[in-house]
Amino acid sequence: MDIKHGKYLGVDYGDVRTGIAECDVTGMLASGICTIREGGMRNTAERVAREAAQRNCKKIVIGLPKNMDGSMGFRSEACQALGTLIQSLTEIPVVYWDERLTTVSAHRILSENNVRGKKRKNVVDAVAAKIILQDYIDYRKRAL
């Protein structure tokens, strides 16, 4: 399915906060939506599935935090477990996207825009989700 036929939801999963982003229906631009704090993997999965359905998303893109050497660590396993749980709650396809250094990039972007303190903490995960999703849709555009 080509991205121009619907929106995608991006997810930057964390134990405490999970960033959510979406792209427009043309697949050109990802935007951070919110940071959710549902508590627990099941509650987070339910909220992500609900957000994707409410926004009529065609795909859910979950950031997969690989180690710098490309291997999978415990955080990757947690993200895959979240994806499996989300997939059990919705028929919207779930895919994973390498998210190495996205949180570092998000902090850099926020620093460049002078976003500090509590405000940064409240938006960094949504910015990371936006970066994950934008990287994914940019790759898809190049691959077509």
Side-chain angles (χ1 to χ4, degrees), residues 1-67 72-144:
M1 180 180 300
D2 193 298
I3 190 159
K4 65 184 170 191
H5 297 296
K7 297 190 287 185
Y8 288 5
L9 193 78
V11 179
D12 179 41
Y13 177 60
D15 291 330
V16 177
R17 293 179 311 276
T18 297
I20 305 292
E22 76 176 340
C23 69
D24 62 328
V25 294
T26 66
M28 298 300 290
L29 185 63
S31 300
I33 298 171
C34 64
T35 300
I36 60 175
R37 295 170 183 82
E38 300 305 296
M41 186 180 289
R42 175 106 189 146
N43 291 337
T44 300
E46 289 171 353
R47 173 75 184 272
V48 169
R50 196 168 51 249
E51 287 285 339
Q54 289 171 348
R55 296 171 183 283
N56 297 314
C57 292
K58 303 297 183 197
K59 191 175 282 189
I60 299 169
V61 180
I62 299 175
L64 192 62
K66 294 181 179 179
N67 295 322
M72 307 281 249
F74 75 96
R75 288 304 309 160
S76 294
E77 292 169 8
C79 291
Q80 289 176 315
L82 175 74
T84 300
L85 191 51
I86 292 168
Q87 196 64 84
S88 75
L89 299 169
T90 183
E91 293 187 16
I92 300 169
V94 172
V95 297
Y96 303 96
W97 189 250
D98 186 352
E99 68 154 276
R100 279 179 274 191
L101 300 177
T102 55
T103 301
V104 172
S105 296
H107 279 288
R108 182 182 45 77
I109 289 166
L110 293 170
S111 289
E112 290 169 359
N113 289 287
N114 205 26
V115 177
R116 308 227 182 273
K118 188 173 183 171
K119 185 171 183 178
R120 175 184 290 208
K121 188 175 181 181
N122 289 334
V123 299
V124 69
D125 300 295
V127 173
K130 174 193 175 291
I131 293 168
I132 292 164
L133 186 55
Q134 190 68 54
D135 285 351
Y136 180 78
I137 61 178
D138 288 348
Y139 169 81
R140 296 268 305 152
K141 284 187 283 189
R142 287 189 306 272
L144 294 177

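Numbering starts at 1 and runs along the sequence shown.
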Separation between CG (Asp138) and CG (Leu29), nearest 0.5 Å, reads 9.5 Å

*Do any N or O atoms from the side chain of Thr35 and from the backbone of Gly19 form a donor-acceptor pair under 3.5 angstrom?*
no

Original post:
Under a 4.5 Å cut-off applied to non-hydrogen side-chain atoms, are Thr90 and Ile60 in contact?
Top reply: yes

- Task: Give the C-alpha distance, both sets of side-chain angles, the deciding distance and a yes or no for side chain to side chain contact (heavy atoms under 4.5 Å, CB included) between Val95 and Tyr136.
- Result: CA-CA 10 Å; Val95 297; Tyr136 180 78; 3.8 Å; yes

Contacts of Glu51 meeting side-chain hydrogen bond (donor to acceptor under 3.5 Å, both in side chains) (sequence neighbours excluded), chain-then-number -> Arg47, Arg55

Ala45 meets the side-chain contact (heavy atoms from CB on, under 4.5 Å) criterion, sequence neighbours left out, with Leu82, Leu85, Ile86, Leu89

Those residues at least two apart in sequence (or on a different chain) that pass side-chain hydrogen bond (donor to acceptor under 3.5 Å, both in side chains) with Asp15 are Arg75

Quick note, ring pair (Phe, Tyr, Trp, His ring centres under 6.0 Å) partners involving residues 10-45, not counting sequence neighbours, are none

Quiz item: Between Val11 and Val94, is any pair of side-chain heavy atoms under 4.5 Å apart?
Solution: no

The reported gap from SG in Cys23 to NZ in Lys130 (rounded to nearest 0.5 angstrom) is 11.5 Å

* To do: Determine whether Lys58 and Lys7 make a side-chain contact, defined as any pair of heavy atoms from C-beta on separated by less than 4.5 Å.
  => no

For Asn43, the side-chain contact (heavy atoms from CB on, under 4.5 Å) test, sequence neighbours excluded, returns Glu38, Glu46

One should read off an interatomic distance between Asp125 CG and Ile20 CD1, to the nearest 0.5 angstrom, of 9.5 Å

| task | Check for a donor-acceptor pair, side chain of Glu99 on one end and backbone N or O of Ile132 on the other, with a separation under 3.5 Å. | result | no

Next item on the list: State whether the number of non-hydrogen atoms from other residues, nucleotides or ligands found under 6.0 Å of Gln54 atom CD is greater than 12.
Entry: yes

Is it the case that more than 12 heavy atoms not belonging to Met28 sit under 6.0 Å from its CE atom? no

Value for OG (Ser76) from CD1 (Ile62), rounded to nearest 0.5 Å, stands at 12.0 Å

When every non-hydrogen atom of Ala126 is compared with those of Ala21, the smallest separation belongs to O-CB, 4.4 Å

The side-chain hydrogen bond (donor to acceptor under 3.5 Å, both in side chains) partners of Gln87 (sequence neighbours excluded) come to none

CZ (Arg42) and OG (Ser88) are apart, to the nearest 0.5 Å, by 5.5 Å

Between the OH atom in Tyr8 and the CD1 atom in Ile137, the distance rounded to the nearest 0.5 Å is 9.0 Å

Closest heavy-atom pair, Gly39 versus Thr44, reported as atoms and distance to 0.1 Å, is N-OG1, 4.3 Å

_If you apply the rule side chain to side chain contact (heavy atoms under 4.5 Å, CB included), what do you find for Leu9 with Ile33, and how did you get there?_
CA-CA 10 Å; Leu9 193 78; Ile33 298 171; 4.1 Å; yes

